[in-house]
Every structure is written in C-alpha cells, then in structure tokens.
Amino acid sequence: MFALVDCNNFYASCERVFNPALRLRPVVVLSNNDGCIIARSEEAKALGIQMGTPEFKCRPLLKQHKVAVFSSNFALYGDMSTRVMMTLAALAPEIEVYSIDEAFLDMTGFARFDLTEYGRLIRRTVKQHTGIPVCVGMAPTKTLAKIANRLAKKKPHYQGVCVLKSHAEIHAALEHTRVEDIWGIGRQLSKLLQTKQIESAADLAAAPAAWVRKHLHIVGARIQAELQGRSCLPMELVRPAKQSICTSRSFGRNVTSLEELQQAVATFAAKCAVKLRRENSLTSLLTVFIATSPFDNSCERYWGTRTASLPSPTSDSIAILRAAQTMLDSIFLAGKSYKKAGVLVSGIVPKEACSTTLSLFAKETPPANERDKKIMQVMDAINNRYGSGAVRLAAENSESWKPHQERLSARYTTQWDNIIEVKV
DNA sequence: TCTGGGGTCCTAGGACCC
DNA sequence: TCTGGGGTCCTAGGACCC
C-alpha cells in the first residue's frame, strides 16, 4: 500500500498558520511579480476565483469580499514544507517527497493496522506539529493513492482520509473519477480519450491494452496498469540529481536597455551557479533567453535565445556569468521592450565525476581554478550564515527590473527579526 | 497599468557508427 | 527488378507534473 499525503491549499494554509485572523477570511496567494492567483483557500474557491487567473482581472471581486491577498513567500513555504516532511518521515518507514506539498509514504507492513485510523493519526500529527491541514489517500498503487487523496479532499464524508483497498472500493472510486482527473492524463490526452468514449477512470482501466499502448504510449500503458492495481511506479527514496536548472523572472516593468538586462542576466546566472553548487554538480551547457511580453499585441513577440557549451564543466559564478553576458550581447535587439529573461544550465554532471578533467583549450590554469573555487566556497559560507545576498558579485543588481512583491508576508520561520511580526 | 516559475519523460527523426 | 542489419547519440517538440 502507498499513502499520498497532500497539504490542503498549501501556500494559503502557510499564510494562515502565522496569522490566525485569516481563518475567517478567504485567502489567495499570487505568483511571482504578483501576476496570477496560484493558491486559494476553500472560501476563495467558493467565490469562484479560478486557479491561474491574473490578479488584475478579479481585483473587484477580491476587494468586494475582503480577500486577503499575498505575494508568494517561498522562503516561508519551503521551510514549512521541510517541517511537514520531517513529521511525515517519522510516521512511515519510507517517504518520497514528491513536491513542495506532497509526499508518498510506503505503507508496506501496515496491513494489520486500521489504515483509516492511521491516516487520521497522520492528519492530527501534521496539524499539531506544523499547523498545516493535510488529506491522506491510500491504495495499492501510486496512481490509485492519488485518486484516493482527491476523494479525501472532495468528499466531506471521508473527513480527510480515504483508503481504497478492496476491489469494490477501487472500482467505485474509478467510476467517480473522470479521465482528466487522473494523475498523468492532461488536457490533450483527455481530448483524445473523449473521442473514444473513454470518460471515466473505470473506462480507461477497461480499455483495450493494445490501443492504450499505441495511442497513449508507454506512459499511458503504465497508468492503465496502475489503475488496474498493478504497481509500476516504485517509491523513489533519493531525489536524483537535477538534469537542468533554470532561473528566470518576469520584470516588474518593461526593460529596454542592455545594461538593465545585463544586471538581470548576471543575477540569474549567479543564482544558477549557487543552485549548482548546492547540488554538488557542474554544468557544461548554458542557455540565455530574453523575451518581450506575449500579451502586448502592439508589436510582434520576440524570444531571443542562445545556447552554448562551456569550455569545461563548472559551477563557478564568475565563469558562468561571463559566458552568459557574451551570449546576451548576441541576442539583444535594441528598441524592444523586454518583460522577461532567464538563464538555464544543463548538461549537468556530478562534481566528483570530473574533478580531474581539464579542458584541452582552457585559458585558466589549474591554480586559477583553485583560487576561484575557494572564492565560491567563501561566498557560499558567508551567505549561508548571514543570509543570501550578504555578499554577491558586483554585476548582480535588481534595482530596475525587480519583480513586484507588494504583499509579501514575513519570513516567520527563517528570519529572527521577522518573528515579532506574528499577530494573534 | 496589470497575465509565474521550474521541472521531467517520451518519441521521432537525423546523423553517424560498424 | 534490384540496394542489410543493428546499433548509438543528439535534438526538437510535445506532453505532463507541481
């Protein structure tokens, strides 16, 4: 058996934990740059506010119902996530952290327990330790556990815990689940399935296997097997190293000058390098992109992108930044209003794998490499102790392009001097 | 005025190898 | 009339996830 534990309206719930007055009010959380609504409390959902709606489009509604609106505060959500996961890790032999607000638990060996009762214990414990409400779904495969979790959330009579064990329970759940609500079936595949009159999860489970394999490929075949109770997706206990790392932002206002783009790209490049070092990885491929707004109909959209391989794999902020700046120069077109930029590193290799690999043509000699490595170590150490941004490269600057974050709550759990902001 | 960010996997097709 | 068989690697594009 697998359990899927999923936090309810996670970002909105995080804001509520530290501001109990919000318990009686609808709450929404915005995406970066205060653009779209990406999390809603139950009350906000009841008002008809849709996921992904631009904030400005529902501003009157938000105001009318006195909705509490927050900028996204990832320092807070990330830390709260860690606390939830640590609590869950103590409640099961194995845990797979699937996303910031979800984890699979291995329930093998729990057969002699009352699983529903155990699910309630999980809910109570997470709520007590962190203040975050969660729902629990349990079933013989991950895909079925996802379905169980969805029912636990949607049907009040489950009281937050749904266990699908017997054939009858599973079949009833599949009949009440539409194909587009199955984990791994998105908009396109749903459309295809509709044309074949496959509308419920039960229909998909019963569909001819050869047809599924041909049109939904290997991924769809796996989903079908999982719906039938054959487990194909094992627990993944260690997170594999990332294959690519991207840092990108929409700008708070239009940016036209190369200088401002250079500052943005430098900031993103340096952030990618920090993420790489945290992963103990090196990159060998760098992509830089800049883009105009997709919503501005007055001019044609420009998406400038360039990818280049680096002379040797690196996680050095300075080396990555230099390469990124050169690439930016080659895609910059004067006279355009840029709304977004980003840096992506790929071709990632583990640090140990190439500690001794030197480039045949590299300009820097090994002593210079060693010196730069030490600089990065010192920078990381200072930033870990005194907060990120305590020291940074001079080229990094977010004065002019900084995204909007006008309704940011405090970093209640990661910043000492923010603790006093707690209001009861 | 105003519309997010960060990932993964799979497939098909082309280039290339012997 | 007629031109093998079996691979790998890379990339672009599409689909999906949170």
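Just so it is clear, the structure is predicted and the values come from calculations on it, not from any experiment.
No contact: A:Lys191 has no heavy atom under 4.0 Å from any strand. Using a 4.0 Å heavy-atom criterion, one finds that A:Ile185 contacts the sugar-phosphate atoms exclusively. Within the nucleic acid shown, A:Ile100 has no heavy atom closer than 4.0 Å to any nucleic acid atom. Counting any heavy atom pair closer than 4.0 Å across all strands shown, A:Ile223 reaches no nucleic acid atom. Using a 4.0 Å heavy-atom criterion, one finds that A:Arg239 contacts no nucleic acid atom at all.
Interface limits on DNA chain C: the 5'-most and 3'-most nucleotides within less than 4.0 Å of chain A heavy atoms are C:dA15 to C:dC18.
The stretch residues 240-251 of chain A touches DNA chain B through A:Lys242, A:Gln243, A:Ser244, A:Ile245, A:Cys246, A:Thr247, A:Ser248, A:Arg249, A:Ser250, each having a heavy atom under 4.0 angstrom from the strand. Contacts between residues 31-60 of chain A and DNA chain C, defined by a heavy-atom separation under 4.0 Å, are absent. Near-neighbour residues of DNA chain B inside residues 261-270 of chain A, defined by a heavy atom below 4.0 Å, are absent.
Considering only heavy atoms from C-beta on, A:Thr256 stays 4.5 Å or farther from A:Lys336 through its side chain. Counting heavy atoms from C-beta outward, A:Ile147 and A:Leu227 have side chains that approach closer than 4.5 Å.
Paired runs in DNA chain C that reach 3 or more consecutive Watson-Crick or G-U pairs, where each pair keeps both distances under 3.5 Å, cover B:5-18 with C:5-18.
Annotation: A:Tyr98 is in aromatic contact with A:Trp183 [ring centroid separation under 6.0 Å]. Checked against the 6.0 Å centroid threshold, A:Phe110 and A:Tyr118 count as a close aromatic pair. A centroid separation of 6.0 Å or more is found between the aromatic rings of A:Phe332 and A:Tyr302.
Side-chain contact of A:Glu15 with A:Tyr412: a donor-acceptor pair under 3.5 Å is absent, judged by distance alone.
Between A:Lys275 and A:Ile218, the residue anchored closer to the 5' end of DNA chain B is A:Lys275, taking for each the nucleotide with the nearest heavy atom.
Of the possible donor and acceptor atoms, none in the side chain of A:Thr314 sits under 3.5 Å from a partner among the backbone N and O of A:Leu310. Judged purely by atom type and a 3.5 angstrom limit, A:Glu102 has no side-chain atom pairing as donor or acceptor with the backbone of A:Val5.
A salt bridge between A:Arg150 and A:Asp181 is present, with a side-chain N of the basic residue lying under 4.0 Å from a carboxylate O of the acidic one. Taking a cutoff of 4.0 Å between a charged side-chain nitrogen and a carboxylate oxygen, A:Arg222 and A:Glu226 do not qualify as a salt bridge.
Evaluation of the side chain to side chain contact (heavy atoms under 4.5 Å, CB included) rule for A:Thr247 yields A:Phe268, A:Lys271, A:Cys272, A:Lys275 as partners, not counting sequence neighbours.
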